[in-house]
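Notes to accompany the following structure.
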Amino acid sequence: MNIKQILAEKVSAAMVAAGLPEDTNPAVSLSNRPQFGDYQANGVMGAAKKLKTNPRELATKVVNSLDLEGIADKVELAGPGFINIHLSQTWLAAQLNTVADDNHIGVAQRAKPTTVVVDYSAPNLAKEMHVGHLRSTIIGDAVVRALEFRGDKVIRQNHMGDWGTQFGMLIAHLSDKLADNEVAETALADLENFYREAKIRFDEEEGFADRARADVVKLQSGDAQCAKLWQQFIDISITHSEEIYNKLNVSLKRSDIMGESAYNDDLSTVIDELMASEIAVEDQGAKVVFIDEMANKDGEPSVFIVQKSGGGFLYATTDLSACRYRSGKLKADRIIIFTDARQALHFKQVEIVARKAGFLPEHVGYDHCPFGMMMGNDGKPFKTRTGGTIKLAELLDEAVVRASDLIKEKNPEINTDDLADIAKKVGIGAVKFADLSKNRTSDYIFNWKTMLSFEGATAPYLQYAYSRIQSIFTKAGTTQFSENIQVIEPQEKALALKLLQLEDVIDAVISECTPNLLCNYLYELASLYMSFYEACPILKEGISDEVKASRLALCHLIAKTLKQGLDILGIEVMDRM
RNA sequence: GGACGCGUAGCUCAGCUGGAUAGAGUACCUGGCUACGAACCAGGCGGUCGCAGGUUCGACUCCUGCCGCGUCCGCCA
């Protein structure tokens, strides 16, 4: 169900009938003012420009051929050639009733599902996740769920940072701790501390750095003792990540992990192939690809190192290997990678090289979706007062505590179990929504206050709208809903239009990888509901049974849409709050 | 030096393939609860869309130049 698409097809047909080429864009969009109708088609003006004809006359022809019988009440021609479409409220009501009855609330299921590999979260297992890791994890998860809701096949890939030089230092330190009879779980309870201790020893303790470097080599060449220590470290660190995922209601599972280490055995093959095809060449002892496609003005190609002069591999090698694996083994039609914007150049290079080398066939989409860094209130890279970072776990716990305080204040009677459950959903929801509702690829400012706000355009606002609806159902004692929604009041019409835009929004989220569009949509839906709630009483005196049944059914559809939309964002709803 | 991203209300941010009078939240100011839940609603205040040109019926959106901020650019990831 996509009104815009239906109208676009109709307008296109009319354009062809009026003598315009078939590929003319009808440019149908929502009208931004009530007097301009519900939707408008602006394509005629652009087409008239190309043909050098009078736009107004052309638009008249298009309008005359435009068949919106049953769909629109009125089609008006305005200004230089705007076509304003006023939809029929009867038609809208009919669509609503169809959608209300549909398992996917009007979002059509993909006829031919595509296989989409989504690479997100990818924490560095050497350290604990901090607030900066929030974005990749929850944006990626929202896009994943949107894809699945539309009917695509998603393969999650958690490209965890579990390999590389820093692990030599960490396993050397762990080895000493275990020798002192410490238990691994205890020693690694605080990863930040553990990392700091190891780093200090690496920098200051005589002989330790050499041991660390030797351990890396041993690890990467398959030494059993080092592998065992590494595995212990990784297991515990993954458990830390899983705790965060659980708190965040993120769908990543242990089986989704495909860490850097998993590509280790393929790296030399990747290099061999690149060398054999002469895509990579040796330069200053290292193996590099000179990328002419990204040359600067002086014609100097961009340089991409795929193997260090000492023979070591880099993340470039790993990411090329990942391309090969994902398109070859996983049969991806599209690969989406969420990382911060600093890696934009890197992934551009990876794509060019991977395509040249045939690791990434032409038909496979490759989208690197970057996002900006988290900044402090001063606009500089985010740090705490002591210069560290805020642990993600701390932020989430704080959010739950604040939510709990607020709920107790608003509802002193609440029992402890309900309080804990609701506080969790509200607090975590608020943090996620604050982040997900931003679309910035540029940097953004971290702010406790807005992050933990429960008023205005926030998750609790949406959850509150949902709870209010449930409250009405409880009061009405209804579990069955009429299939006869009527669209009469302006608030009802506004809601109808909004409810029927879900598919359009989901598609935009999927194609642009921008969950903030869904956040905006849900906020607008909830906001329209709040206005409806004030203006259109349901259970009050003097409301006819027919109107009551219609409005209850409308509420039911709104609740379903809110719940489903929030579910895609990984935010939970509750009947009471 | 080169490349990429960003500059919109006091603050935090939306603004879809160029469309009609640039929108929310927050802050501040007015109103609205013996209640279908005020975590709300109705209204007000607040803008030279960084600056200057260009393209055209029309530019926050596209192009050029400049200013400011951020990031990246041969052996970290």
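Note that these values count all heavy atoms, side chains included, but never hydrogens, waters or copies made by symmetry. The sequence lines fix the lettering, A, B, ..., with proteins before strands; numbering per chain opens at 1.
Residues from residues 541-555 of chain A that place a heavy atom under 4.0 Å from any atom of RNA chain B: there are none.
Partners of R342(A) under the salt bridge (Lys or Arg N to Asp or Glu O under 4.0 Å) rule, at least two apart in sequence or in another chain, are D340(A). Every residue two or more places apart in sequence or in another chain that forms a side chain to side chain contact (heavy atoms under 4.5 Å, CB included) with N32(A) is listed here: F36(A). In this view, D421(A) and K425(A) satisfy the side-chain hydrogen bond (donor to acceptor under 3.5 Å, both in side chains) rule, not counting sequence neighbours. By the side-chain hydrogen bond (donor to acceptor under 3.5 Å, both in side chains) test, H130(A) is found to be paired with no residue, residues two or more places apart in sequence or in another chain being considered.
Within the cation-pi definition used here (under 6.0 Å to the ring centroid, within 45° of the axis), R135(A) does not qualify as a partner of F338(A). No cation-pi contact links K438(A) to Y444(A), judged by a cut-off of 6.0 Å to the six-membered ring centre and 45° from its axis.
Residue-level contact check: V28(A) touches the bases, meaning some heavy atom is under 4.0 Å from a base atom. Across all strands, L30(A) comes closer than 4.0 Å to no nucleic acid atom at all (heavy-atom distances). When heavy atoms are screened at a 4.0 angstrom cut-off, K348(A) is found touching no nucleic acid atom at all.
Proximity note for V426(A) (side chain, C-beta onward) versus A14(B), C73(B), A39(B): the nearest is A39(B). Nearest nucleotide to the L345(A) side chain, out of C40(B), C75(B), C72(B): C72(B). Of the candidate nucleotides C6(B), U17(B), C13(B), C6(B) has the atom nearest to the side chain of T441(A). Listed nucleotides: C72(B), C41(B), G15(B). Nearest to the side chain of Y461(A): C41(B).
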Could you list the protein-to-nucleotides 69-71 of chain B atom pairs, N/O on both sides, closer than 3.5 Å?
unit_1	atom_1	unit_2	atom_2	d
G70(B)	O2'	D443(A)	OD2	2.7

Would you list the protein and nucleotides 19-22 of chain B atom pairs, both N or O, that sit under 3.5 Å from each other?
unit_1	atom_1	unit_2	atom_2	d
A20(B)	OP2	N32(A)	ND2	2.3
A20(B)	N7	Q40(A)	NE2	3.3
A20(B)	N6	Q40(A)	NE2	2.9
A20(B)	N6	N84(A)	OD1	2.5
A20(B)	N6	N84(A)	ND2	3.3
U21(B)	O2'	R33(A)	NH1	3.4
U21(B)	O2'	R33(A)	NH2	2.4
U21(B)	O2	R33(A)	NH1	3.3
U21(B)	O4	Q35(A)	NE2	3.3

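Rounded to a whole angstrom, the distance from the C1' atom of G23(B) to that of G68(B) is 26 Å. Going from the P atom of A9(B) to that of G15(B) covers 15 Å, rounded to whole Å. Separation of the P atoms belonging to C49(B) and G44(B) is 22 Å when rounded to the nearest angstrom. With both ends at atom P, the span from U17(B) to G37(B) equals 42 Å, rounded to whole Å. Only the P atoms considered, C62(B) is 9 Å distant from G18(B), to the nearest whole Å. Going from the C1' atom of U55(B) to that of U71(B) covers 31 Å, rounded to whole Å. On the C1' atoms, G50(B) is 15 Å away from G70(B), given to the nearest whole Å. Between G2(B) and G10(B), the distance separating the two C1' atoms is 38 Å to the nearest Å.
Between W230(A) and W163(A), the ring-plane angle classifies as perpendicular under the 30° and 60° cut-offs.
Rounded to whole Å, the distance from OH on Y529(A) to P on C40(B) is 14 Å. To the nearest angstrom, P of C57(B) lies 14 Å from CG of L51(A). Whole-Å rounding puts the F304(A) CZ to C72(B) P distance at 17 Å. For the pair L267(A) CG and A77(B) P, the interatomic distance rounds to 11 Å; values are reported in whole Å. Straight-line distance from the CD1 atom of I291(A) to the C1' atom of C73(B): 12 Å, rounded to whole Å. Spacing between atom CG of N25(A) and atom P of C16(B) amounts to 15 Å, rounded to whole angstrom units. Rounded to an integer number of Å, the gap from NE2 of H368(A) to P of A3(B) is 20 Å.
For G25(B), the paired base is C11(B) (Watson-Crick or G-U wobble, both distances below 3.5 Å).
Sorted by first then second residue, the salt bridge (Lys or Arg N to Asp or Glu O under 4.0 Å) pairs that include residues 524-551 of chain A, not counting sequence neighbours, are E492(A)-R551(A), K498(A)-E524(A). Sorted by first then second residue, the salt bridge (Lys or Arg N to Asp or Glu O under 4.0 Å) pairs that include residues 27-52 of chain A, not counting sequence neighbours, are D38(A)-K493(A). Listed by first and then second residue, the salt bridge (Lys or Arg N to Asp or Glu O under 4.0 Å) pairs involving residues 305-323 of chain A amount to none (not counting sequence neighbours).
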Could you go through residues 505-518 of chain A and list every donor-acceptor pair under 3.5 Å that involves a side-chain atom there, pairing it with any protein atom two or more places apart or in another chain?
unit_1	atom_1	unit_2	atom_2	d
D507(A)	OD1	R150(A)	NE	2.6
D507(A)	OD1	R150(A)	NH2	3.3
D507(A)	OD2	R150(A)	NH2	3.0
S511(A)	OG	D507(A)	O	3.3

Under 4.0 Å protein heavy-atom contacts per nucleotide of nucleotides 24-37 of chain B, with B for base, S for backbone only and - for none: SSS---------BB
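Using a 3.5 Å distance cut-off with no hydrogens or angles, the side chains of E76(A) and H86(A) do pair a donor with an acceptor. Judged by distance alone, the side chains of H133(A) and S121(A) never bring a donor and an acceptor atom under 3.5 Å apart. Between the side chains of N411(A) and E413(A), not a single donor N or O lies within less than 3.5 Å of an accepting N or O.
The base of C75(B) sits within donor-acceptor range of the side chain of S309(A), with an N or O pair under 3.5 Å. Under 3.5 Å, the side chain of N447(A) and the base of U12(B) form no donor-acceptor pair of N or O atoms. Judged by distance alone with a 3.5 Å cut-off, no donor-acceptor contact links the side chain of K287(A) to the base of G74(B).
Of the side-chain N and O atoms in N124(A), none sit less than 4.0 angstrom from OP1 or OP2 of C76(B). Phosphate contact (OP1/OP2 of A42(B), side-chain N/O of S531(A), threshold under 4.0 Å): present.
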Verdict with supporting geometry, F481(A) and F473(A), ring pair (Phe, Tyr, Trp, His ring centres under 6.0 Å): CA-CA 10 Å; F481(A) 298 94; F473(A) 293 160; 4.7 Å; yes
